[in-house]
J.: 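So that we are looking at the same thing, I have put the structure below in structure tokens.
For the numbers below, each heavy atom of this structure counts, side chains included, while hydrogens, waters and symmetry mates do not. Residue numbering restarts at 1 for every chain, and letters A, B, ... go by the order of the sequence lines.
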Amino acid sequence: MPAITLPDGSQRSFDAPVTGTTVAASIGPGLAKAALAMKLDGRLVDLSTEIAEDARVVFVTRRDEDALELIRHDTAHVLAEAVQELFPGTQVTIGPSIENGFYYDFARNEPFTTADFTAIEAKMREIVARGAPFVRSVRDRNDAIAFFEAKGEGYKAELVRDLGEDQTITFYSQGDWIDLCRGPHMRSTGDVGTAFKLMKVAGAYWRGDHRNAMLQRIYGTAWRDQKELDAYLKMLEEAEKRDHRRIGREMGLFHLQEEAPGSVFWHPKGWKIYRTAEAYMRRRLEAGGYEEVKTPQLVDRALWEASGHWEKYRENMFQAMVAEEDKTLALKPMNCPCHVLIFRQGLRSYRELPLRMAEFGACHRYEPSGALHGIMRVRAFTQDDAHIFCTEAQIADETVRFVELLSSVYRDFGFESFRVKFSDRPEKRAGSDETWDRAEGALKEACAIAGVEYELNPGEGAFYGPKLEFVLRDAIGRDWQCGTLQVDFVLPERLDAEYVGEDGARHRPVMLHRAILGSFERFLGILIEQYAGRFPLWLAPVQVAVVTIVSDADDYAHEVSAALKAAGLTVVTDTANSKINAKIREHSVQHVPVIAVVGRKEAETRTVALRRLGVEAQETLSLDEAVARIAAEATPPDMTNEFA
RNA sequence: GCCGGAUUAGCACAGUGGUAGUGCAGCGGUUUUGUAAACCGAAGGUCGCGGGUUCAAAUCCUGCAUCCGGCACCA
């Protein structure tokens with residue numbers, strides 16, 4: 001008979017199989033009231049689950065993080081019931097819990113709008129107030145299908161049909177409403193509480209396949225209590241203020257417009273940040289043993305046919321016809337084929353490997369209109385691209401070197417941590433299975449040596465090889481691939497790259513495609529959100545604002561600005577006819593990291609009063625000292641030792 | 001690309017069939033000011049673009065474009 005081990009190590013024995021509810025009650029009335037579900041040998045299950053064997057049991061209460069998933073999943077059910085009560089004829093499909101909330105996909109001819117939310121939320125609260133218990137039941141497969149078909153729930157019937165023969169088909173009811181569901185659930189809809197909110201409606205393809213019907217997805221957020229919900233909503237509000245599109249406009253960094261969808265118009269300040277980042281990367285690459293090249297934008301179709309892009313990637317390529325010459329050129333979507341062409345000039349020796357060829361390569365890709373997003377996903381962008389031509393034996397070493405360089409670069413830009421995904425062979429691919437086996441094996445081995453921990457991303461590799469993706473997160477919580485490392489045995493073959501080995505024979509090099517920032521556009525977008533526009537001094541587009549208090553100080557202010565500029569700093573001089581308060585505010589709003597205030601006093605004593613962004617305190621220094629100090633602080637992180 | 005929403009002055013927004021408005025910014029003037037918004041004034045619009053309905057359209061219908069949120073896509 002079951003002996004139940006509790007988290008504190010104590011054991012309780014029962015004469016017969018018991019439910020979690022009974023066990024909780026045997027421990028105490030407080031727990032009986034608080035327990036929402038339990039973890040049975042580590043698996044989250046209903047409280048009503050019968051325990052027949054010895055087991056470890058951990059009760060989940062509202063105080064546990066685990067409760068969030070239960071609450072979110074249950075709220076999705078409550079949403080579905082509410083929608084079906086309010087909008088008869090709507091079919092239900094699936095409704096999982098997700099990060100920060102849940103969604104439910106419905107099939108209905110008329111669109112839902114956010115205007116419906118008030119009524120739906122009110123109905124949801126009503127259902128929660130009813131507190132109907134969640135009751136689990138098991139059904140026979142054919143019964144379940146017949147049940148859903150009779151109700152006109154075709155999607156649910158399809159879900160049941162696709163369940164494996166060996167799977168138990170479980171239903172959960174809440175009052176009169178019943179749904180196919182794996183569970184687990186809490187005790188009743190009353191456990192959902194009131195800390196939820198519907199957030200948005202969106203289209204979503206049935207089973208995530210664009211060939212299927214489009215359903216209507218309602219997203220919501222749900223938390224353990226109102227305080228958590230409020231904090232989450234507040235966080236979203238704050239995140240909105242960091243949005244790179246908003247900051248880009250407010251700080252005058254760049255703009256986008258209809259005439260060039262998906263292409264960035266960089267303004268002077270934005271371009272300054274770009275150039276600072278580019279100069280930094282150029283130094284890092286040079287120090288890392290890379291050689292920089294520049295290759296053409298417009299390249300003949302013949303090259304893309306040879307590389308495989310024409311077959312696998314044409315729909316994403318911009319083509320340019322030349323009528324007179326009867327030729328088709330295409331704007332390069334990637335730099336790799338051009339780099340192979342440079343590699344192929346002359347006979348290469350094994351002594352040149354690994355050969356690291358870098359380019360700030362401007363690429364054009366026709367991205368689907370719905371994919372465009374600010375400067376994070378564009379049609380014209382510049383990669384900090386490089387291709388490493390090496391031997392198979394050098395892959396591991398080069399991967400380790402690359403990961404070290406990437407980590408160091410990310411750290412310098414303020415990213416202490418990042419996620420790594422390993423994407424293996426996609427369906428649409430070039431190269432034999434044996435080639436892929438070797439490429440994936442080599443990359444995995446290199447990861448092990450470099451100590452890179454990754455999550456598997458099956459089927460998401462490039463058509464020519466597996467890849468590592470280095471992922472950064474934006475302010476709103478969206479993930480973006482920035483860095484990448486891709487192993488490629490295919491392209492050197494297709495474009496016939498070779499080198500002369502130690503043995504005097506010709507060999508095929510391996511190509512590693514790699515980028516650290518990914519594209520300047522995307523990376524700078526993330527950087528803007530990371531710093532919310534308040535860049536560290538070395539990256540700030542305007543580093544110092546010299547502002548006057550009275551016009552008598554104008555001459556001296558120009559002198560101060562000249563001294564700062566001579567030290568390599570980017571400076572604005574504000575001698576406008578407005579009050580010091582207004583000037584401080586204006587430059588603070590523009591996130592200028594240092595404001596140098598000069599009035600009569602400073603002009604007379606040849607000093608400046610420095611005020612740091614967001615700090616009220618000021619510090620008065622002699623002009624020389626102020627210039628030296630700010631210049632030192634503005635030194636890029638990779639150059640600090642030279643001046644130490 | 002798909003579903004839904006949006007598009008009015010440089011920016012943020014109001015305006016549901018009858019003379020296009022507010023705030024901020026910009027411009028002109030007054031004020032010479034000590035650390036996050038001084039005061040006054042005059043300007044500023046093809047209401048995204050095209051077609052339609054109507055005596056009359058920012059407003060209703062329709063096509064297109066772009067943007068926003070998801071989905072799909074992201075070599």
Side-chain angles (χ1 to χ4, degrees), chain A residues 103 105 110-115 199-219 243 245-246 249-250 252 255-262 307-309 311-317 333-334 336 363 365-374 376-379 423 426 428-430 460-465 467 469 476 478 480-481 484 486 488 490-491 513 518-519 522 547-554 575-590 595-602 609-618 620:
Chain A
Y103 67 77
D105 285 348
E110 297 73 41
F112 289 112
T113 72
T114 47
M199 302 297 282
K200 50 197 175 193
V201 280
Y205 297 107
W206 166 237
R207 301 196 139 176
D209 188 328
H210 69 276
R211 289 166 300 195
N212 290 341
M214 182 149 278
L215 307 171
Q216 294 186 64
R217 177 170 298 179
I218 296 180
Y219 282 96
D243 190 310
R245 292 164 297 191
R246 176 178 175 147
R249 192 187 327 106
E250 289 170 350
H255 88 272
L256 296 139
Q257 70 178 60
E258 227 178 291
E259 285 73 8
S307 70
H309 287 84
E311 187 197 344
K312 302 273 198 273
Y313 202 65
R314 186 176 11 166
E315 60 203 31
N316 290 293
M317 288 166 65
M334 299 177 207
C336 26
C363 295
R365 299 180 186 176
Y366 183 77
E367 301 285 357
S369 56
L372 301 179
H373 178 87
M376 306 267 217
R377 182 90 181 262
V378 286
R379 289 180 175 154
S423 300
K428 209 171 152 187
R429 62 177 183 260
E460 298 293 325
F463 75 76
Y464 47 70
K467 62 178 184 177
E469 298 174 27
I476 320 166
R478 285 186 274 220
W480 296 94
Q481 181 201 309
T484 184
Q486 308 172 3
D488 182 3
V490 173
L491 210 56
H513 305 240
S519 88
R522 175 174 294 180
V547 306
T548 53
I549 296 172
V550 291
S551 49
D552 286 352
D554 286 2
T575 56
N577 175 18
S578 56
K579 291 200 167 186
I580 185 64
N581 288 297
K583 291 186 186 182
I584 295 288
R585 180 183 150 78
E586 191 183 325
H587 298 290
S588 299
V589 164
Q590 286 295 309
I595 300 178
V597 179
V598 296
R600 267 196 202 97
K601 212 160 59 187
E602 288 77 13
L610 298 184
R611 180 194 162 116
R612 307 293 170 142
L613 178 59
V615 178
E616 277 182 46
Q618 51 173 327
T620 302

J.: After noting the C-alpha distance and the side-chain angles of A/Gln486 and A/Thr484, does the key distance pass the side chain to side chain donor-acceptor pair (under 3.5 Å) rule?
T.: CA-CA 6 Å; A/Gln486 308 172 3; A/Thr484 184; 3.1 Å; yes
J.: Touch check for A/His373, heavy atoms < 4.0 angstrom, all strands: base, sugar-phosphate only, or nothing?
T.: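 Sugar-phosphate, backbone atoms only, no base.
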J.: Mind checking A/Ile580 for me? I need base, sugar-phosphate or nothing, with any heavy atom below 4.0 Å counting as a touch.
T.: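 Here A/Ile580 touches the backbone only, sparing every base.
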J.: With a 3.5 Å limit on both atom pairs, tell me what B/G41 is paired to, counting Watson-Crick and G-U wobble, or say none.
T.: B/C27
J.: With heavy atoms under 4.0 Å as the rule, sort A/Ala371 into base, sugar-phosphate or nothing.
T.: base
J.: What heavy-atom pair brings A/Ala596 and A/Leu610 nearest, and what distance separates the two atoms?
T.: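 For A/Ala596 versus A/Leu610, the nearest heavy atoms are CB-CD2, 3.8 Å.
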J.: Between A/Tyr219 and B/C71, does any side-chain N or O lie under 4.0 Å from OP1 or OP2?
T.: yes
J.: Looking only at side-chain atoms of A/Ala582, point me to the closest of B/G34, B/A38, B/C73.
T.: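 For the A/Ala582 side chain, the nearest candidate turns out to be B/A38.
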J.: Does a side chain donor of either A/Ser423 or A/Glu469 reach within less than 3.5 Å of an acceptor in the other side chain?
T.: yes
J.: Touch check for A/Tyr464, heavy atoms < 4.0 angstrom, all strands: base, sugar-phosphate only, or nothing?
T.: sugar-phosphate
J.: Which is true for A/Arg429 with a 4.0 Å heavy-atom rule: it touches a base, it touches only sugar-phosphate, or it touches nothing?
T.: nothing
J.: For B/G69 and A/Lys200 - does any side-chain N or O of the residue sit under 4.0 Å from the phosphate oxygens OP1/OP2?
T.: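 No, outside the criterion.
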J.: Reckon A/Gln590 touches a base, only the sugar-phosphate, or nothing at all at heavy-atom distances under 4.0 Å?
T.: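 Nothing: the residue A/Gln590, judged by heavy atoms under 4.0 Å, touches no strand.
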J.: Give the table of side-chain donor-acceptor pairs shorter than 3.5 Å for residues 199-209 of chain A, with sequence neighbours excluded, one pair per line with atom names and distance.
T.:
from	atom 1	to	atom 2	distance (Å)
A/Trp206	NE1	A/Glu158	OE2	3.3
A/Arg207	NH1	A/Asp162	OD2	2.4
A/Arg207	NH2	A/Asp162	OD2	3.4
A/Asp209	OD1	A/Arg211	N	2.9
A/Asp209	OD1	A/Arg211	NE	3.1
A/Asp209	OD2	A/Arg211	NE	3.4
A/Asp209	OD2	A/Arg211	NH2	2.7

J.: Which part of the nucleic acid does A/Arg245 contact within heavy-atom distance under 4.0 Å: base, sugar-phosphate only, or nothing?
T.: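 Contact class for A/Arg245: sugar-phosphate only.
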J.: Using a 4.0 Å heavy-atom cut-off across all strands, classify A/Arg478 as base, sugar-phosphate, or nothing.
T.: sugar-phosphate
J.: Say whether, by atom type as modelled, one donor and one acceptor occur between the side chain of A/Arg522 and the main chain of A/Met376 under 3.5 angstrom.
T.: yes
J.: Considering every strand and a 4.0 Å limit on heavy-atom distances, what is the contact class for A/Gly308: base, sugar-phosphate, or nothing?
T.: nothing
J.: Between A/Lys601 and A/Val201, who's closer to the 5' end of RNA chain B by nearest nucleotide?
T.: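 This one resolves to A/Lys601.
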J.: Counting any heavy atom closer than 4.0 Å, what does A/Leu215 reach on the DNA or RNA strands: base, sugar-phosphate only, or nothing?
T.: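 No contact.
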J.: Using a cut-off of 4.0 Å on non-hydrogen atoms, how would the nucleic acid contact of A/Pro368 be classed: base, sugar-phosphate, or nothing?
T.: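 Base contact.
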J.: Check every strand shown and say whether A/Gly374 touches a base, only sugar-phosphate, or nothing at a heavy-atom separation below 4.0 Å.
T.: sugar-phosphate
J.: Base, sugar-phosphate or nothing for A/Pro333? Non-hydrogen atoms, less than 4.0 Å.
T.: base
J.: Checking all strands, does A/Lys579 fall into the base, sugar-phosphate, or nothing category for heavy-atom contacts under 4.0 angstrom?
T.: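 Since a base atom lies under 4.0 Å of A/Lys579, the category is base.
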